[in-house]
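Convention: sequence-line order gives letters A, B, ...; per-chain numbering from 1. Computed over heavy atoms, backbone and side chain alike; hydrogens, waters and symmetry mates excluded.
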Amino acid sequence: MNPREAFPFPKTVTEAVELQLRLREQVREEPLDTEAVRLVAGTDVSFGRSGSEAWAGIVVLRLPEMQVVEETVVCTTVSFPYVPGLLSFRESPPLLEAWQQLNTKPEVVLCDAHGRAHPRRFGMACHFGLLVDTPTVGCAKSLLCGAVARSSSAGEDWQPIYEGEDLLGAALYTQPSAQPVYVSVGHRVDLPSALGIVRRCVRGHRIPEPLRLAHELVTRARRGAA
DNA sequence: GCGACAG
DNA sequence: ATCTTGTCGC
C-alpha cells in the first residue's frame with residue numbers, strides 16, 4: 001500500500017470519518033522485535049491560546065541508554081478543530097512537518113494518543129503510522145472508549161482494555177499508586193510488542209521518556225516563542 | 001434524550 | 001490542549 005494514500009486531509013467531520021473507515025483497512029498488525037529496537041521516538045503537540053498555532057515536536061532516543069539522538073520542533077498553524085475521535089486531523093499535519101526535518105528516522109514511534117483503542121479502531125497512532133510508514137504505538141493518559149477489565153490472564157503490570165468483545169489495548173501500570181497509561185496498537189506492531197516497547201521506555205515516571213521529552217520540547221518551544 | 005469525549 | 005497556587009506524598 002502506498003503511504004501517500006493517507007495524505008489528503010479532509011476539511012469536514014463527515015469526510016474525516018469516511019477517510020478513517022477507509023484507511024483503517026490498511027493498518028497492519030504484526031509482531032516487532034522490541035529487544036532489537038535501537039531508535040525510538042516520542043511525539044507531542046502544544047497549542048497556543050488561540051488554538052490555531054501549534055508547536056509539534058519529535059524526540060529520537062537510542063536504546064537502551066535512552067540518550068537523545070535528535071529532536072525537531074516546528075511551529076505552524078492548524079486548521080482542523082479538536083473533535084473527539086478526529087485528533088489526527090488536527091495534530092498529524094504539524095507532526096509531519098517535524099518528521100520531515102528529522103534526519104534520523106526511528107524504528108518505532110510512541111504517540112501521545114490512542115491507536116486501536118478508538119471508536120472506529122483508527123486513532124492517531126494508526127493514522128500517523130500509515131502516514132510515515134513506520135511502526136507506531138498509541139500511549140494515552142486517559143481512555144477515549146472501552147474500559148479496563150479485570151483479567152487473570154493478564155500480566156503483573158497490565159490489564160486489558162475491552163469494548164464489548166473487542167480487545168482494544170492495555171492499561172499499563174508504569175508506577176506504583178499512579179494511574180496507568182493506555183497502550184494500543186498503532187501500525188505495524190501487535191499488542192505484546194507495543195507493551196514491550198513502552199516498558200523499555202519507562203524510567204521512573206508514569207509517562208515513558210520519549211513522550212516526556214517530546215512534551216518538554218514543545219512546551220519549551222512555546223514558552224520561548226512568547 | 002442525556003452524558004461522555006485522546007489532545 | 002490551555003487558563004492557574006498551593007499543597008500532599010514518595
Q: The side chain of A/D112 lies closest to which of these nucleotides: B/dG7, B/dC5, C/dA1?
A: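 The answer is B/dG7.
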Q: Over all strands shown, is A/A113 touching base, sugar-phosphate only, or nothing at heavy-atom distances under 4.0 angstrom?
A: base
Q: Side chain of A/K141 only, please: which of B/dA6, C/dT2, B/dG7 is the nearest?
A: B/dG7
Q: Please give, in whole Å, the distance from B/dG7 C1' to A/L110 CG?
A: 16 Å
Q: Expressed in angstrom and rounded to an integer, what is the separation of A/M124 atom CE from B/dA6 atom P?
A: 13 Å
Q: What's the CZ-P distance between A/R121 and B/dA6, to the nearest Å?
A: 16 Å
Q: With a non-hydrogen cut-off below 4.0 angstrom, is A/G85 in contact with a base, only sugar-phosphate, or nothing?
A: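 Counting heavy atoms under 4.0 Å across all strands, the contact made by A/G85 includes a base.
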Q: Regarding A/S177, tell me which of base, sugar-phosphate or nothing describes its non-hydrogen contacts under 4.0 Å with the strands shown.
A: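 No contact at all - A/S177 keeps every heavy atom at 4.0 Å or more from the nucleic acid.
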Q: Would you mind reading off the distance between A/F47 atom CZ and B/dA6 atom C1', rounded to a whole angstrom?
A: 12 Å
Q: Can you check whether A/Y82 stacks with the B/dG7 base, using ring centres under 5.5 Å and planes within 30°?
A: yes
Q: Check whether any side-chain nitrogen or oxygen of A/R222 sits under 4.0 Å from OP1 or OP2 of C/dT2, and answer yes or no.
A: yes
Q: Run the salt-bridge test on A/D166 and A/R116 with the 4.0 Å N-O cut-off and return the result as yes or no.
A: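 Looking at A/R116 together with A/D166, the answer is no, because their closest N to O distance does not fall below 4.0 Å.
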Q: Roughly how many Å is it from CD in A/E216 to P in C/dA1, rounded to a whole number?
A: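 Rounded to whole Å, this separation is 14 Å.
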Q: What is the separation between atom CG on A/L87 and atom P on B/dA6, rounded to the nearest whole Å?
A: 9 Å
Q: Whole-Å distance between C/dT2 P and A/W55 CH2?
A: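 Distance, rounded to whole Å: 10 Å.
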Q: How about A/D112 and A/C139: do any of their side-chain heavy atoms sit closer than 4.5 Å?
A: no
Q: More than 12 foreign heavy atoms under 6.0 Å from CD of A/Q179: is that the case here?
A: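 It does not: A/Q179 CD has 12 such atoms or fewer within range.
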Q: Main chain of A/T34, side chain of A/R200: is a donor-acceptor contact present, judged purely on distance under 3.5 Å?
A: yes
Q: Specify the separation, in whole Å, of atom CD of A/E53 and atom C1' of C/dT2.
A: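 It works out to 12 Å between those atoms.
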Q: Using a heavy-atom cut-off of 4.0 Å across all strands, would you classify A/L86 as base, sugar-phosphate, or nothing?
A: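 It contacts base atoms.
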Q: So, does A/S142 get its side chain near the phosphate of B/dG7, meaning an N or O under 4.0 Å from OP1 or OP2?
A: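 Yes, within the criterion.
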Q: Looking at A/F89 versus A/H127, is the centre-to-centre ring distance below 6.0 Å?
A: yes
